[in-house]
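Throughout, a chain's letter reflects where its sequence line sits, starting with A, and its residues are numbered from 1.
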Amino acid sequence: MRALLAMAALLLVGPGAAPAQTERVQVEIRGEAFNAPALTVKPGTTVTWINHDDDTHTVTSTVDTFRSPGLDPDETFSYTFTKPGTYEYYCTLHPLMTGKVVVTPERSGS
Amino acid sequence: MSDERGLDRRGFLQCMAWTGTGLVWSVVGGVPGSRTLGPGRAQAQGAGEGWSFVQISDTHIGFKGAANPDAMGTFEAALARIKALDPKPAFVIHTGDITHAQKAGAFDTVSEALKGVGAERTFYVPGENDVFADGGTEYLNRFAAGGSGRGWQSFDYRGVHFVGLVNVLNFKAGKLGSLGHEQIEWLERDVAPLAASTPVVVFAHVPLWAVYPQWGWVTEDGAQALGYLKRFGSVTVLNGHIHQIMQKVEGNVTFHTARSTAFPQPAPGVGPGPGPVKVPVEELRGMLGVREVRYAPGRERLAVVDTPLA
């Protein structure tokens, strides 16, 4: 069910239906770590985390902006970042697993 | 608690039974042969007969990883080991990660199954897998309703003082697990009236000593808590979390971590992280297990006996 919800989230921002600047980026969870611990994206980017570990992990904002359920092996979680800012997150089961997404302000004419 | 200082020890303990730790005391009163007495008299009562309890840990019911596709099956094998013990253990202590990531029904599965192992009751402390999704609401409602604090507890059994500590409710990004001031202050008050000759058993999920901080295998303020136990002649610390047996002796304190019944984890620092280790299927049960702790009259230290599932 979680995977389906994540899929649905991906479809919503799929090609054709999305604004020009929409991008999708994937962060892999492997070896009890986020493989892109500091990610810089444009507003409108959908980030999808996929858990390649054998253990369960979460992707949880430190200020509760987003909060995944427990992600079992191969499950994903997606969140679309619309506003510029720095979004720090961690795994609530393994709090030493941390990461952040930096959403840069949009620049006109780029 | 200063009001009680003037009472004798037994009076003080009885007072506590009505104020803070009374829940546990009254339940322990239901264990056959248990004695809710002051330490001196309780030890006299226990003289001449040994007894035991069981530690089970990290059952992770709901685990679906490749390291053990049948965590329920290995849990049942662990139950069979406990049922086969003769004499029966007085009680069971579950040192957390009862469920894997709070999977639906898993608390029921474990608590109901442990009612059938021949012990009078099971005492629980939570692991992070039991509290991560809801901040501990379900766990505390099930296992700590009416108790003092947030799941921490103490009780006495035949002259041995047991303390269950909770070190998984303060997880924050980039930080290690901790007990927190409120709990440490409670611990200080809890053990203050005990004679230094009272054997003390402390149980908690994450190791209270620094096994491997780089993987979070430590309790940030564990040393502070242990400071209140240094004066005791025999302290046994039982932890889970790291899914393997490790031991350490520091003064009169003996530390033990337990096997899981679900899956093994790597030795500290071996491999990229502390995740489940997949071993050949014929080796798995040899790396899982349960623990029996025996108390023999006249011996200060408790005997810790680990039994693998195969």
Side-chain angles (χ1 to χ4, degrees), chain A residues 1-6 27-39 47 49-77 79 81 85-103, chain B residues 58 60 62-69 71 97 99-104 106 126-136 167-178 205-206 212-218 220 241 243 260 262-266 270-279:
Chain A
M1 189 58 193
R2 289 173 191 150
L4 279 176
L5 286 173
V27 175
E28 301 191 356
I29 300 170
R30 201 186 294 275
E32 309 274 322
F34 300 104
N35 79 334
L39 187 68
V47 179
W49 288 264
I50 179 163
N51 179 17
H52 292 302
D53 271 350
D54 207 30
D55 205 351
T56 300
H57 295 294
T58 77
V59 179
T60 307
S61 156
T62 56
V63 293
D64 242 4
T65 311
F66 50 88
R67 183 182 185 89
S68 82
L71 302 177
D72 278 338
D74 302 322
E75 289 187 339
T76 63
F77 171 74
Y79 183 79
F81 293 87
T86 298
Y87 298 84
E88 296 186 339
Y89 64 89
Y90 72 117
C91 169
T92 52
L93 284 160
H94 309 93
L96 297 183
M97 286 175 62
T98 61
K100 65 179 175 182
V101 177
V102 178
V103 183
Chain B
D58 295 271
H60 282 268
F63 179 74
K64 292 176 183 168
N68 183 359
D97 281 358
T99 72
H100 186 73
Q102 291 191 258
K103 290 286 161 51
E128 71 283 356
N129 273 270
D130 303 318
V131 301
F132 83 107
D134 64 355
N167 51 11
V168 296
L169 285 172
N170 289 334
F171 277 22
K172 292 187 177 70
K175 300 276 189 182
L176 304 166
S178 64
H205 180 65
V206 179
Y212 197 67
Q214 296 93 319
W215 284 356
W217 289 0
V218 61
E220 194 173 57
H241 189 59
H243 297 210
S260 165
F263 56 86
Q265 283 181 273
V270 176
V277 172
K278 186 166 175 15
V279 298

Legend entry - Top contributor to chain A contacts, counting heavy-atom pairs under 4.5 Å, from Lys278(B), Lys64(B), Gln102(B), Lys172(B): Lys172(B)
Inset, instruction - Examine whether an atom of His60(B) lies under 4.5 Å from a heavy atom of chain A, and if so say whether it belongs to the side chain, the backbone or both; otherwise answer neither. - result: neither
Legend entry - Region of Ala133(B) in contact with chain A, defined by heavy-atom distances below 4.5 Å: backbone
Legend entry - Best-contacting candidate, Gly273(B), Pro276(B), Gly127(B), Gly62(B), against chain A by heavy atom pairs under 4.5 angstrom: Pro276(B)
Legend entry - Residues of residues 56-65 of chain A within contact distance of chain B, non-hydrogen under 4.5 Å: Thr56(A), Thr58(A), Thr62(A)
Legend entry - Donor-acceptor contact present, side-chain Asp54(A) to main-chain Ala66(B), <3.5 Å: yes
Legend entry - Distance (rounded to the nearest 0.5 Å) between Leu93(A) CG and His100(B) NE2: 7.5 Å
Inset, instruction - Can you see which heavy atom on Tyr90(A) is nearest to which on Phe171(B), and at what distance? - result: OH-O, 4.0 Å
Legend entry - Interchain contact, Pro213(B) with chain A, by part (heavy-atom threshold 4.5 Å): backbone
Legend entry - Non-neighbouring partners of Leu39(A) that pass side chain to side chain contact (heavy atoms under 4.5 Å, CB included), sequence neighbours left out: Val25(A), Val27(A), Ala36(A), Val41(A), Val47(A), Val101(A)
Legend entry - Under 4.5 Å from any heavy atom of chain A - which part of Gln214(B): backbone
Inset, instruction - Please round to the nearest 0.5 Å and tell me the distance separating atom CG of Asp55(A) and atom CZ of Phe63(B). - result: 6.5 Å
Inset, instruction - Give, as side chain, backbone, both or neither, the part of Arg67(A) having an atom under 4.5 angstrom from any heavy atom of chain B. - result: side chain
Inset, instruction - With rounding to the nearest 0.5 Å, note down the distance linking CH2 in Trp215(B) to CG in Leu96(A). - result: 12.0 Å
Inset, instruction - Identify the two heavy atoms, one from Lys175(B) and one from Pro95(A), that lie closest to each other, and give their separation to 0.1 Å. - result: O-CG, 3.5 Å
Inset, instruction - Locate the shortest heavy-atom distance separating Pro73(A) from Gly65(B); write the atom from each residue and the value. - result: CG-CA, 4.3 Å
